[in-house]
Amino acid sequence: GDFDRALGRVRYGAADEHGGWRAWGQIAERGPTQIQGGAEGLDDWTLGHVGLRVDRKLSERDELVVLGHAYQGLIDSGQTLAAPPPQYVTSGRSRSNASGASLQSRWTRAFEDGGEFMLGGYLDYSEREFDVSLERRSNVFVEAQRRWRLGVHDLTVGASVRSTSADVRNGFVFTLASPERTISRTSVFAQDEIELAPERWSLILGARVEQEDVVGAYAQPSVRLRYTPDERNTFWAALSHSVRTPSQVEQDIALVVAAIPGPPDQFATYFGSRDVDPERVDAFELGYRARPSERVTVDATAYFKHYTDLIQFQAGAPFASGADLIAPFNARNVAQAQSYGFELALEWLACDDTRLELAWTAQRLDLRAQGGASPVDQSEEGNTPSSNVRLGVRHDLDALWGADLLLWRVEQLDNGDVPAYWRLDLAAQRRLEHGGRLSFGVQNLFHDGEREFGTNLFGATNESVAALFVRLELGF
């Protein structure tokens with residue numbers, strides 16, 4: 001199309017009584033969006049991706065899955081960045097090279113009592129080269145879990161270890177206090193699903209305890225209750241406590257976001273801290289699922305979440321560094337927030353050749369930060385629309401031809417004064433032999449040349465554009 005310039009994917013595999021395998025490759029080239037005023041933006045990108053999956057039945061009780069993939073891409077963006085004197089600021093195209101590979105494996109053994117044992121893990125390597133930095137990161141993860149079926153109990157226990165190592169090239173704009181650093185996390189967990197009343201009431205109790213370098217140990221408990229009065233209705237409630245540990249950026253970063261000519265020259269800088277604690281959230285959810293008929297399914301969920309110890313970059317007292325003046329924004333656990341909302345999803349098979357899907361989300365985020373938060377942190381509350389609606393219609397015209405319609409309504413964003421908008425996508429498909437398909441259509445009608453987000457840390461967000469597309473899928 002004129003936005004997705006090229007999308008290509010090929011997949012091939014085979015199977016027998018002991019399992020199967022499949023290999024795939026794809027390439028994607030996406031053109032730029034447009035900036036305000038209609039000029040072409042600088043955010044085009046290209047990505048190539050290859051992968052392999054092998055499923056093997058080793059014995060009557062043992063199964064093995066191995067997955068691997070690798071990718072290489074070029075990602076462009078338009079950015080405005082701070083620069084050292086005498087330039088102070090630079091803007092224009094920024095090109096990033098992205099590459100990586102991973103290998104994942106999982107072995108499962110089934111037992112006669114319905115239980116099982118699983119041992120799995122993955123190795124992952126990624127490299128990101130930006131104008132302001134270069135990061136090479138390796139991840140290693142191993143997990144083991146055992147499941148038992150003991151009367152009314154369905155019990156699972158396990159443990160895992162994860163290690164992530166980074167090697168970062170520092171620069172003027174982006175610096176890490178420890179450019180070569182390894183962070184390790186160990187975890188133990190348990191979950192018990194208890195059948196309180198057969199086919200009616202069930203209770204799920206769970207807990208995870210993790211230990212991470214610098215941060216220490218923390219627990220994440222959860223409880224879920226489900227009631228099924230009949231085969232067409234299900235009610236459920238859930239309560240959980242979750243933790244997000246600080247990233248290496250939030251602990252070690254020194255990010256220069258503005259350089260102001262002097263004398264003295266002034267540099268607004270974000271500083272991470274290893275004294276920040278994990279962010280915490282307590283969540284309560286209520287849900288209902290109904291099938292009033294064989295053709296209609298309804299899902300409704302209401303939730304309330306309370307966030308504490310949120311990390312923000314808070315303005316500190318300026319200090320001298322040689323002949324320069326530093327205006328710091330320091331990472332601190334200084335914010336709290338509450339979010340609550342409602343989600344409704346409806347699926348209706350209107351007739352054998354027509355399906356409708358309707359989804360509506362209403363949400364609100366109230367962020368309470370102490371004074372002196374950075375402009376980016378202050379704008380976070382305005383990045384969430386109060387509601388959005390999505391309607392999808394799929395209709396089969398005959399055995400060969402079909403048509404799709406997707407309609408969105410998104411309410412306004414206060415950050416950047418982004419107005420509410422409608423978006424419409426239309427597509428037609430022609431089925432081909434061996435599972436192939438020819439698709440063509442138009443995307444982003446009603447929203448051509450309009451923004452979806454406000455200004456970010458490094459510059460203005462580009463505008464959406466209407467686009468035509470053609471896609472061909474062949475099977476053999």
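Just so you know, these numbers use all the heavy atoms, side chains as well, and skip hydrogens, waters and symmetry mates.
Because its NZ or CZ atom is both nearer than 6.0 Å to the ring centre of Trp236 and within 45° of the ring axis, Arg224 counts as a cation-pi partner of that residue. Cation-pi geometry between Lys305 and Tyr307 is not satisfied (NZ or CZ under 6.0 Å from the ring centre, within 45° of the ring normal).
No close placement of the His69 and Trp24 rings is indicated, their centers lying 6.0 Å or farther apart. Proximity of the aromatic rings of Phe284 and Phe304 is defined here by a centroid distance below 6.0 angstrom, and this criterion is not met.
The CG atom of Asp425 sits 5.0 Å away from the CD atom of Gln443 when rounded to the nearest 0.5 Å. Rounding to the nearest 0.5 Å gives a distance of 11.5 Å between CG of Asp230 and CD of Glu199.
Under a 4.0 Å N-O distance rule, the pair Arg431/Asp396 qualifies as a salt bridge. A salt bridge links Arg56 with Asp16: the distance from a Lys NZ or Arg NE/NH1/NH2 to an Asp or Glu carboxylate oxygen falls below 4.0 Å. Residues Asp55 and Arg106 are not paired through a salt bridge, judged by the lack of any N-O separation under 4.0 Å between the basic side chain and the carboxylate.
The local environment of CH2 in Trp408 is crowded, with over 12 non-hydrogen atoms from other residues, nucleotides or ligands closer than 6.0 Å. Other residues, nucleotides and ligands place more than 12 heavy atoms under 6.0 Å from the CZ atom of Arg274.
A 4.5 Å side-chain heavy-atom check between Val66 and Ser105 finds at least one atom pair inside the cut-off. His395 is not listed as a side-chain neighbour of Leu405, based on a closest heavy-atom distance of 4.5 Å or more. Residues Phe174 and Val168 meet the side-chain proximity criterion, which asks for heavy atoms closer than 4.5 Å. For the pair Phe329 and Leu255, the minimum side-chain heavy-atom distance is 4.5 Å or more. Taking the side chain as every heavy atom from C-beta outward, Gln338 and Arg368 approach each other to under 4.5 Å.
A donor-acceptor contact closer than 3.5 angstrom is absent between the side chains of Asp113 and Trp148. Residues Asp192 and His153 have side chains that bring a donor and an acceptor to within less than 3.5 angstrom of each other. A donor-acceptor contact under 3.5 angstrom links the side chains of Ser202 and Arg226, judged on distance only.
The side-chain hydrogen bond (donor to acceptor under 3.5 Å, both in side chains) with Arg181 is formed by just one residue from the set Asp213, Asp252, Asp167; it is Asp252.
Taking both residues in full, the closest heavy atoms of Asn333 and Asp277 are given as OD1-N, 2.7 Å, listed atom of the first, atom of the second, then distance. Shortest non-hydrogen contact noted between Arg409 and Trp422 is NH1-NE1, 3.1 Å. Minimum interatomic distance between Phe111 and Phe117 (heavy atoms only, all atoms of both residues): CE1-N, 3.6 Å. Smallest separation of non-hydrogen atoms from Ser160 and Arg208: OG-NH1, 4.3 Å. Across every non-hydrogen atom of Ser99 and Arg128, the tightest pair is O-NH1, 3.4 Å. Minimum interatomic distance between Gln220 and Val243 (heavy atoms only, all atoms of both residues): OE1-N, 2.9 Å.
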Would you sort out whether Tyr218 and Glu210 count as a side-chain hydrogen bond (donor to acceptor under 3.5 Å, both in side chains), showing the intermediate values?
-> CA-CA 6 Å; Tyr218 46 91; Glu210 294 185 333; 2.8 Å; yes
Show the numbers, then the answer: is there a side-chain hydrogen bond (donor to acceptor under 3.5 Å, both in side chains) between Tyr125 and Glu127?
-> CA-CA 7 Å; Tyr125 174 81; Glu127 185 171 311; 2.9 Å; yes
Quick one: do Thr164 and Arg137 satisfy side-chain hydrogen bond (donor to acceptor under 3.5 Å, both in side chains)? Show the steps, please.
-> CA-CA 7 Å; Thr164 177; Arg137 182 172 294 274; 2.8 Å; yes
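Between Tyr122 and Phe141, the two ring planes are parallel [angle under 30°; tilted spans 30° to 60°]. Using cut-offs of 30° and 60° for the angle between ring planes, the Tyr227 and Phe235 rings count as parallel.
Taking Thr186 as the reference, nothing meets the side chain to side chain donor-acceptor pair (under 3.5 Å) condition, with sequence neighbours excluded.
Arg109 contributes no side-chain N or O that, together with a main-chain N or O of Arg61, makes up a donor-acceptor pair within less than 3.5 Å.
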